[in-house]
Colleague: 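Below you will find the structure I want to go over with you.
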Amino acid sequence: VVSDSEVIPFSVPGYACQRRTTLENHNSVLTDALSLLAENAELSDEDGRGVAFRRAAAVLKALPSAVTHVSQLTGLPCLGEHSLRVIKDILKNGTSSEVESTKASERFKALKVLTGIFGVGAKTADRWIREGIHNLQQLRSSGQTLNRAQQAGLEHYADIRQPVSTAEAEAIRGLVERAVASVLPGAQIVLTGGFRRGKLTGHDVDFLITHPEEGREVGLMPKLVSWLDSRGLLLYQKTSRNSYLESQDGPGRPPSNIDRFERCLSIFKLSTPEAAKTDLQDAAENGVQSEEDGESQSGELGQHLQRKAASERRWRAVRVDLVVSPVSQFAFALLGWTGSKLFERELRRWAGHERGMSLSSHALYDNKQVKRCTECRLTRLDKLAYLTTITFLKANL
Ligand code: 8DG
Ligand code: MN
Ligand code: MN
C-alpha cells in the first residue's frame with residue numbers, strides 16, 4: 001500500500017503531438033484495455049468515444065513509468081470519467097469488467113473478424129451481423145455479393161492478418177524501388193506509416209513517391225502499377241484520384257483529413273520462403289486452438305488450412321499503400337502519411353486551436369491570411385511549414 005504522500009504525480013502536455021512518445025510503453029495493460037474500448041467504439045460507429053479512449057491511451061503511453069496508484073494521474077489531460085473508471089478497475093482488480101465483457105461479446109468478435117477482411121468497414125460488417133453472418137464460413141455460404149476488394153480480402157484473409165515484418169517491408173521496398181526506377185528514373189520513394197515511426201511490424205506497408213522536378217510525377221501511378229502487374233507482383237490494386245474535392249470539402253464543412261493525392265491501395269504477392277517457414281512454425285506451435293480472434297471452430301480450422309496452404313506456397317499476400325505527391329507538397333504528405341492517426345489528428349487540432357493555422361497533407365495555411373494569400377506568401381508559408389514539419393518530426397519520432 002502506497003500512501004498518497006509517496007506518490008509522485010505524472011505530468012504531460014495536453015496534445016499528443018507535443019509529447020515525445022517512444023515505442024517503449026510502461027503501461028501496456030492499461031493502454032491495451034483502453035485501445036480495445038476505442039476499437040469497439042470505432043467499430044460501433046461511435047467515433048467521438050473512440051477518439052476519447054485513444055487520447056486517454058496515448059497519455060498513458062507517454063508516461064515514463066508504470067502507473068501504480070490512481071492518484072499519480074491527478075491533473076493529467078484527456079482522462080475522462082469513463083477512462084478513469086476503467087483504469088481504477090484494472091489497478092484495483094487486475095482487469096476491467098467492461099473490457100472483459102466487450103472482448104467476450106459475440107458482436108465485438110464478429111465485428112473484428114468481418115472488418116479484418118480488407119475492403120469491409122464497420123457499416124458493412126454491422127449489416128452482415130444483422131443478417132446473421134458472424135464469421136468467414138457464414139459469409140462464404142451466405143451468397144452475399146462481394147466487391148472486388150472484399151473478394152481479394154476474403155481470399156487472402158489469413159495472410160493479411162499476419163503482421164508484416166520489417167524484413168518483408170524492406171523486400172517490398174526493393175520491388176517498388178525497382179519499379180519506380182524503371183518507369184521514372186530519378187523518382188524518390190520513402191517508407192512511411194508505422195515503419196517510418198520505428199515500429200517493428202505493421203498491418204501494411206506505406207510508401208510515398210515523388211520526383212525532385214515538379215510535375216514529373218504526373219502519370220506515374222498507372223505506369224508503376226502496370227510495371228508491377230505485368231510481372232505478376234499484384235494480387236489486387238485499386239488506383240484512385242481522391243474524391244476529396246467533390247465529396248468532402250463543400251462550403252461550411254470542416255476540411256477533411258483525407259487527402260487528394262493519387263493513391264493505390266493494393267495487395268502484393270511477395271515471394272518469401274521465410275514467410276512460408278514462419279507460417280508453418282506458427283501453425284505447428286499454436287495448433288488450431290490458440291486463435292483469439294473470435295472465430296468459430298470451423299473458422300479457426302479454415303484459417304489454419306489457409307495458413308497451411310500458405311506454408312506450401314512460396315509467396316504471401318501483403319497489403320501495400322502507394323501515394324504519389326508533387327515535390328512542392330512532399331513535406332506535408334510525408335508528415336501526413338507518417339501517422340499515427342491520433343498524432344496526425346492532434347497535430348491538426350493543435351495547429352488550428354493553438355496557432356490559428358490549418359494543416360493538411362498538402363499544405364499549412366495561416367487562417368488569418370488565407371484569403372489574401374498571394375503566390376509569394378504561399379511559397380514563404382510553405383517554406384516555414386517545411387521547417388515546422390521537420391521540427392515536429394524530430395521532436396516526436
Ligand atoms: P500499421 O499500418 O502499422 O497498422 O499502422 P500505420 O502505418 O500507422 O497505419 P495506416 O493505416 O497504414 O496509416 C498510415 C498513415 O496514413 C495514417 O497515419 C494517416 C495516413 N493517411 C492519410 N490518408 C489516409 C487514408 O485515406 N487512409 C488511411 N488509412 N491512412 C491515411 O494521410
Ligand atoms: Mn501502415
Ligand atoms: Mn496504410
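In listed order, ligands and their atoms are each counted from 1.
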Colleague: Quick one: do the Trp337 and Ser361 side chains pair a donor with an acceptor below 3.5 Å?
Modeller: no
Colleague: With the Mn ion (ligand 2) as the centre, enumerate protein N/O/S atoms below 2.8 Å in chain and residue order.
Modeller: Asp204 OD1, Asp206 OD2
Colleague: Do Thr192 and Arg197 get their side chains close enough for a donor-acceptor pair, meaning under 3.5 Å?
Modeller: no
Colleague: With heavy atoms of Gly339 as the reference, note each atom of ligand 1 found under 4.0 Å away.
Modeller: 18 (O)
Colleague: Using the rule that two of Ile, Leu, Val, Met, Phe, Trp, Tyr join whenever any of their side-chain heavy atoms come within less than 4.5 Å, decide whether Leu34 and Leu342 are in one cluster.
Modeller: no
Colleague: Are Arg319 and Asp321 close enough for a salt bridge, meaning some N to O gap below 4.0 Å?
Modeller: yes
Colleague: Is it the case that the side chains of His362 and Ser360 hold a donor-acceptor pair, with the cut-off being a distance below 3.5 Å and no angle test?
Modeller: no
Colleague: Please tell me whether Phe53 and His82 form a close aromatic pair, meaning their ring centres lie under 6.0 Å apart.
Modeller: yes
Colleague: Numbering the atoms of ligand 1 from 1, which are under 4.0 Å from a heavy atom of Arg263?
Modeller: 24 (C), 25 (C), 26 (O), 27 (N)
Colleague: I need the contact type for Thr192 against ligand 1. Using non-hydrogen atoms and a strict under-4.0 Å cut-off, is it side chain, backbone, both or neither?
Modeller: neither
Colleague: Quick check with a 6.0 Å cut-off and a 45 degree axis cone: is Arg130 positioned over the face of Trp128's six-membered ring?
Modeller: no
Colleague: Taking only residues two or more places apart in sequence or in another chain, which ones pass side chain to side chain contact (heavy atoms under 4.5 Å, CB included) with Glu24?
Modeller: Thr22, His26
Colleague: Quick check on contacts: which atoms of ligand 1 are under 4.0 angstrom from a heavy atom of Lys199?
Modeller: 1 (P), 3 (O), 4 (O), 5 (O)
Colleague: List every atom of ligand 1 that sits less than 4.0 Å from any heavy atom of Lys341, numbering the atoms from 1 in the order shown and giving each element.
Modeller: 9 (O), 10 (P), 11 (O), 13 (O), 17 (C), 18 (O), 29 (N)
Colleague: Under 4.0 Å from any heavy atom of Asp206, which atoms of ligand 1 are there?
Modeller: 7 (O), 12 (O)
